[in-house]
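Note sheet for the following structure.
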Amino acid sequence: MTAEAPAAVRSMNLGGAINAGLRAAMERDPKVLLMGEDIGQLGGVFRVTDGLWKDFGDHRVIDTPLAESGIVGTAIGMALRGYTPVVEIQFDGFIFPAFNQITTQLAKLHYRTKGKLSVPVVIRVPFAGGIGAVEHHSESIEALFAHTAGLRVVSPATPQDAYDMIQQAIASPDPVLFLEPKARYWDKGEVDTARVGTQLEAVGGAQAATAEMSRARVAREGKDVTLLAYGPSVRLCLQSAELAAADSVSAEVIDLRSVSPFDMETVLASVKKTGRAVVVHEAPVAFGTGGELAARIGEKAFFHLHAPVMRVGGFHMPYPGSKFEHDYLPSVDRILDAVDRVMAH
Amino acid sequence: MTAEAPAAVRSMNLGGAINAGLRAAMERDPKVLLMGEDIGQLGGVFRVTDGLWKDFGDHRVIDTPLAESGIVGTAIGMALRGYTPVVEIQFDGFIFPAFNQITTQLAKLHYRTKGKLSVPVVIRVPFAGGIGAVEHHSESIEALFAHTAGLRVVSPATPQDAYDMIQQAIASPDPVLFLEPKARYWDKGEVDTARVGTQLEAVGGAQAATAEMSRARVAREGKDVTLLAYGPSVRLCLQSAELAAADSVSAEVIDLRSVSPFDMETVLASVKKTGRAVVVHEAPVAFGTGGELAARIGEKAFFHLHAPVMRVGGFHMPYPGSKFEHDYLPSVDRILDAVDRVMAH
Amino acid sequence: MAGIGPLSEEGLVRLLDHEGRRVEDATYDPYVSHLTMDDLRAFWRDMTLTRAFDLESTSLQRQGELGLWVPALGQEAAQIGSAHATRLPDHIFPSYREHGVLHVKGIDLASIMGMWRGMEHSSWDPTAYGVHTYTLVIGAHAPHAVGYAQAMDWDGLVGSGDPEKDGAVVCYFGDGATSQGDVNEALVFAAVNNAPVVFFIQNNQFAISEPTTRQSKVPLAQRASGVGIPGVRVDGNDVVAVHAVTRWAMEHARSGQGPVVIEALTYRMGAHTTSDDPTRYRTTSDEQYWKDRDPIARLETFLTSADELPEDFKAQVEADGKELARRTRESVKGWQRGPVEQMFDHVYGTPHALVQEEKAWFNRYEASFADQEVAK
Amino acid sequence: MAGIGPLSEEGLVRLLDHEGRRVEDATYDPYVSHLTMDDLRAFWRDMTLTRAFDLESTSLQRQGELGLWVPALGQEAAQIGSAHATRLPDHIFPSYREHGVLHVKGIDLASIMGMWRGMEHSSWDPTAYGVHTYTLVIGAHAPHAVGYAQAMDWDGLVGSGDPEKDGAVVCYFGDGATSQGDVNEALVFAAVNNAPVVFFIQNNQFAISEPTTRQSKVPLAQRASGVGIPGVRVDGNDVVAVHAVTRWAMEHARSGQGPVVIEALTYRMGAHTTSDDPTRYRTTSDEQYWKDRDPIARLETFLTSADELPEDFKAQVEADGKELARRTRESVKGWQRGPVEQMFDHVYGTPHALVQEEKAWFNRYEASFADQEVAK
Ligand SMILES: Cc1ncc(C[n+]2csc(CCOP(=O)(O)OP(=O)(O)O)c2C)c(N)n1
Ligand SMILES: Cc1ncc(C[n+]2csc(CCOP(=O)(O)OP(=O)(O)O)c2C)c(N)n1
Ligand SMILES: [Mg+2]
Ligand SMILES: [Mg+2]
């Protein structure tokens, strides 16, 4: 194999990678526009859209009235005329006023019209907890949207994925809920900025991009137990795997990346190998995405399992005051406790 | 044991039992009021509130403006002043405009105020499919609410339960999502109208009622496989059990009655006995309540299971046109197919 | 609009009174001065055909051929008059009762029955006709209309200086819908963005059983003033006045002057849907009062008194109505559902692993019955 | 309000001009004629204490003692003036910035810090003070206020004929909130039910970074006319005018005449919250303009020119402010989170199997560490 051209690798944090990805998408396609509360001059409360208003102007970076249903609803109308609106919901806990628009309109218009209409709206949501915030600013909402067909739900865990996946989400003809692990905005990493552009500019790029965005990634190989996570919990699982290794337990970590759909092929391959699985997410365990994973692993790999699939996540309660979140959220200790339990079999 | 006083048993259909239950609750407590769209003079599009406006008047049976968020939101305000509003959402598919009020306010106010405030609002929703309706009139929404702590989610399957549980829901100090299997409104049954009143008038009645409403019921005993269902799917499971019996498979049917919380004690006792479980619901299987049941059964009864827990339910798609619903919905055939699969082990 | 209720007939723009006499109106006369008797006959024909179709549809539902029917009876003038004030590139966001609008926009009414028969959720190509699909969630389409209108503006289709080229959006909804958050947010977004959209309220006096007085104490057009845009009330049973007001509003929007609210006061002469029973909540004398104000009869009286409705024209329209009804009946009865696995199509625009897996399972499952059949 | 924008200072009700001079107003003078100099000094004291507390809170956040602080700087007149027009059984639904209102209603400001420190989600007993908990979801409390108001009416607390006995509800929200569906639905429900509720908009000119012009092209009080209720614009930096207008509105509501919208035009002198950086979106000259219109200074000038603000009174208020700041600082620093299993409490009002199970698991899990500790 000959040496490849040097990739355009830059060091970025996760929030900056989304910013750069948005910029690249806007440069690539003049129909891509951003809308949301405070995303213009302010650059968003997390500064994820910093600089874009200055460079692309009022018409492509739109500060909207303070009404989430109206934001998503008007974005749908724009999409119907060929635009690709990328909506920012300021915090996870404020997506609910738009629930009707997302669930009954955005998710269903393509199906409703038997494919005659497409609404490629991307909804960016800084989600999950761990930043010491007040109420409604730490919610994990993925299960509430994954249950609704027609939406894709993804969450990047690394700057590279953040950079690639935001562009893939924008390129996808389907509506995408893009969940940004806000506590990881400041995580640093190397980002190859060339690859996704090449993918998207190729014939069938949007399809390929959607498919790639929907695939899981083996973040660490192992053989005794599979840790399944996405978004903010991936880093935690990697740390847990590191510690488990010290205890001679070899944990494989799968970064699911996509919640709807789950990449069950990758999941099942791993679980069939290890015979044990622990699912980790911040959302309450009850009726969460971990239940779906556990059920499907059960259905498809029952006779490979040495132990029940364990779930580590939030409790059945509203997200508590931030002084409690350390205890509320899944932790390395709780993950290792679950690993111990599955390893006992 | 001496003979008990003859119970006040009447024959009713499920819709009529809710009507009678609402009437009894309104007679018992002058603070109970009904609100919703077209529930007054019209008696609701399913006539579930028929006659109540005439007998209780404008102030207790309130036709509201056409705005679900406003309906639930104002109901919360009334509850804060000591009223017990029973809200009707006209159809399952129209609850989403109220999603924010239900999820961020109704569910959380008690927790938010450390118990200082209570909002005992009951939200009645004719839910699920099978009536040949147009879009948005056949949705199964339970998973979208069960994931949120602070709400109770229940669904009666028989006229007796409809009569009892609506009154227990109204008596409960917690907000309750009361899911009425609309395709079963016309199912007939005998209803003892005396028992629940006695329960509610006793000391600690509200607590006892809430607890009872949250318990599952063994609807049919069996020993080879457990069929788990609630609301509209219970009748289907009983029919399936009947047919399975002809095939020498003894199926136990559990009518869960409550989705949040699930009565895991009853579920686990049954599954530990049979070693096999099939969950049936109309909602899409993916990220549905069956996943939660399967996961929890896995966690708690793994080594009792002869086969993976199977799920029978809707597919990952919007509820299709009514000409397709017969194929979309779980059927006796699909349940028996799942029973065959678990019995193969 | 000060001091009057939401059902008041005071101060409505009216160009034909309810006895079919022409009333002068300095403001709106210019917007109908171009209309010829041929145009008016065409309006009458459209209203009459819409009604023939509508009555046939109700009877098809009664015969079990449709799951549901939503009649537009009595609202023909509001729909035909306004729709005739639009043309491409205008785009229309209907609610679910605007059969008359569809007809004017060239959608063959016989072809829209798939959704009411339960075979599909929408029936025509929105792009081809400039008419979005029906939306059953009350008010949910209102913000779509606003976003679409903003985008038309960005695309250079508004206020270009060439009035023939410019376009705007019309968004239809009912009196009940005015209470929804989405409709109010749409007004806010439209006003602040100066979006070229005309909100056309058909105040048919009922949201199912609830009279408009349950939604408002004041005329619904007044909602416009809350966000600082013009609002006009028009006699919704006067097709000429509706046309005039809508033309004015469309020119306003197309030329870049921003959104407008029109409230057309009309009356739902039929049931809300075929599932409804209006005898439970309204009086026959009320119904009779509005029967006497039937929008079709009004134009008919005007044309007849002007000796402009020849018998042969009437006979032809009647025959056309029968033919439309016949075609509708036949196409409905003939239409079979597609193959069952069709229900798995178009959930996504690109392959989705779960849908693929479930579809594959379903096909295997279905095939297993076929195998059993064969085995027997 | 015709033809003016949402930030216009034209036509505001004003009883003290920005140089602290009394302006006459035939309509609203009667609503302040009862005020004595003692009352005005009390207003000034409340504003001054609120500000002292507010500044201390910001510095506590800077020191890491609070997770977040939401300053009310500049909005003291709007809050103190309006709150003084309420008394039990009136009930208040604040947004999240109404610290001045809380203070007037007798809630010890030092005691409200638990929620900003992350120990809890709300801090006072709503029933005891007639002040609902803060609501962080913009606009979500507006329908609560309306429902509460309707229920007050049913309870015989409105229009009883005895004005001393009657009550009403005040619902506070910001300029940004006026765009939310919930706020608009609340207006609809209030209007149609004639609910005794005063919607009090603090137009502080910003929703975080967005100026009010992103929410509306017209004054926000005009939203009232959309649903046919009275709307009044008042100079929100004039505590006397705010008091007058709110008194009028409360009497209107309490006597059964229905809802009112008040828009108090003020200016958020500080950041949106301690997480915000206003230098990114507004100019210092704008800030200076409004600094010159500081509501506290305005009343101070008036009182001083009338020779009604004795030095010893000022000194005492200053000392009280320092004391409040000190108490706040100490109570914040001293306040420890409750035991961790507290987080499982009050999810439901009656036992819920899942919560019980998870709590039991958690306690066992926690205990296992204690065991390990012991084992070591
Ligand atoms: C969000 C929502 N809530 C409730 C319904 C049920 N529903 C269907 S039509 C209708 C009344 C609509 O009244 P209006 O807006 O006046 O329109 P009309 O039917 O009179 O044309 C209702 C309540 C719905 N479709 N959507
Ligand atoms: C539904 C919702 N969306 C977004 C937010 C985030 N947010 C918090 S405050 C705020 C601005 C509110 O502006 P305004 O209503 O004018 O009140 P102010 O903060 O100026 O007092 C925003 C967007 C929220 N809290 N709730
Ligand atoms: Mg109507
Ligand atoms: Mg503001």
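Note: hydrogens, waters and symmetry copies are ignored here, and every other heavy atom, side chains too, is used. Letters A, B, ... mirror the listed sequences (proteins, then strands); counts begin at 1. As the structure is a prediction and not an experimental result, all values here were calculated from the model.
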- Message: Whether the Tyr348(D) and His316(A) side chains hold a donor-acceptor pair (N or O, under 3.5 Å, no angle test) is what I'd like checked.
- Response: yes

- Query: Non-hydrogen atoms of chain A under 4.5 Å away: do they reach the side chain of Leu354(D), the backbone, both or neither?
  - Reply: side chain

- Salt-bridged, Arg364(D) to Asp337(A), with N to O below 4.0 Å? no

- Could you tell me whether the side chain of Arg214(D) and the main chain of Thr64(A) form a donor-acceptor pair under 3.5 Å? no

- Message: So for Phe362(D), is it side chain, backbone, both, or neither that comes closer than 4.5 Å to the heavy atoms of chain A?
- Response: side chain

- Task: Name the member of Val183(D), Asp276(D), Leu68(D), Val137(D) that forms the most heavy-atom pairs with chain A at distances under 4.5 Å.
- Result: Val137(D)

- Under a 4.5 Å heavy-atom cut-off, does chain A meet the side chain of His272(D), its backbone, both or neither? neither

- Message: Is the shortest side-chain heavy-atom distance between Pro97(A) and Asp182(D) below 4.5 Å?
- Response: no

- Supply the atom-to-atom distance Asp327(A) CG to Gln342(D) CD, rounded to the nearest 0.5 angstrom. 11.5 Å

- Message: So which residue, Arg337(D), Arg117(D), Met119(D), ends up with the most heavy-atom pairs under 4.5 Å with chain A?
- Response: Arg337(D)

- Using non-hydrogen atoms only, which part of Phe46(A) is less than 4.5 Å away from chain D: side chain, backbone, both, or neither? neither

- For Phe96(A), is it the side chain, the backbone, both or neither that has a heavy atom under 4.5 Å from a heavy atom of chain D? neither

- Query: For the atom pair NE2 (His136(A)) and CD1 (Ile138(D)), what is the distance rounded to the nearest 0.5 Å?
  - Reply: 10.0 Å

- Message: Tell me the closest heavy-atom pair linking Leu136(D) and Glu135(A), and the distance in Å.
- Response: CD1-O, 3.6 Å

- Message: Return the CZ to CH2 distance between Phe315(A) and Trp361(D), rounded to the nearest 0.5 Å.
- Response: 5.0 Å

- Message: Using every non-hydrogen atom in the two residues, find where Val134(A) and Met115(D) come nearest and quote the distance to one decimal.
- Response: CG1-O, 4.0 Å

- Message: Does any backbone or side-chain atom of Pro339(D) lie under 4.5 Å from a heavy atom of chain A? Answer side chain, backbone, both or neither.
- Response: backbone

- Pairwise side-chain contact, Ile208(D) with Gln90(A), heavy-atom cut-off 4.5 Å (strictly under): yes

- Engaged part of Ala140(D) at the chain A interface, taking heavy atoms whose separation is under 4.5 Å: neither

- Query: Just checking, is any N or O donor in the side chain of Glu68(A) or Gln180(D) under 3.5 Å from an acceptor N or O on the other one?
  - Reply: yes

- Check Met343(D) against Phe324(A) and note the closest heavy-atom contact, atom names and distance. CB-CD2, 3.9 Å

- Which bit of Tyr365(D) is near chain A, if near means a heavy-atom gap under 4.5 Å: side chain, backbone, both or neither? side chain

- Query: Do you know the tightest heavy-atom contact between Pro65(A) and Ser179(D)?
  - Reply: CB-OG, 3.6 Å

- Glu325(A) versus chain D, the contacting section by heavy-atom distance below 4.5 Å: neither

- Query: Any donor-acceptor pair under 3.5 Å linking the side chain of Glu120(D) with the backbone of Gly321(A)?
  - Reply: no

- Kindly give the heavy-atom pair with the smallest separation between Asp277(D) and Leu42(A), and that separation in Å. O-CD1, 4.3 Å

- When you look at NE2 of His345(A), are more than 12 heavy atoms from neighbouring residues, nucleotides or ligands closer to it than 6.0 Å? yes

- Item | Arg280(D)/Asp38(A) ion pair, N-O < 4.0 Å | no

- For Ala207(D) and Leu66(A), the nearest pair of non-hydrogen atoms, with its separation, is CB-CD1, 4.1 Å

- Interface moiety of Phe94(A) toward chain D, non-hydrogen atoms closer than 4.5 Å: side chain

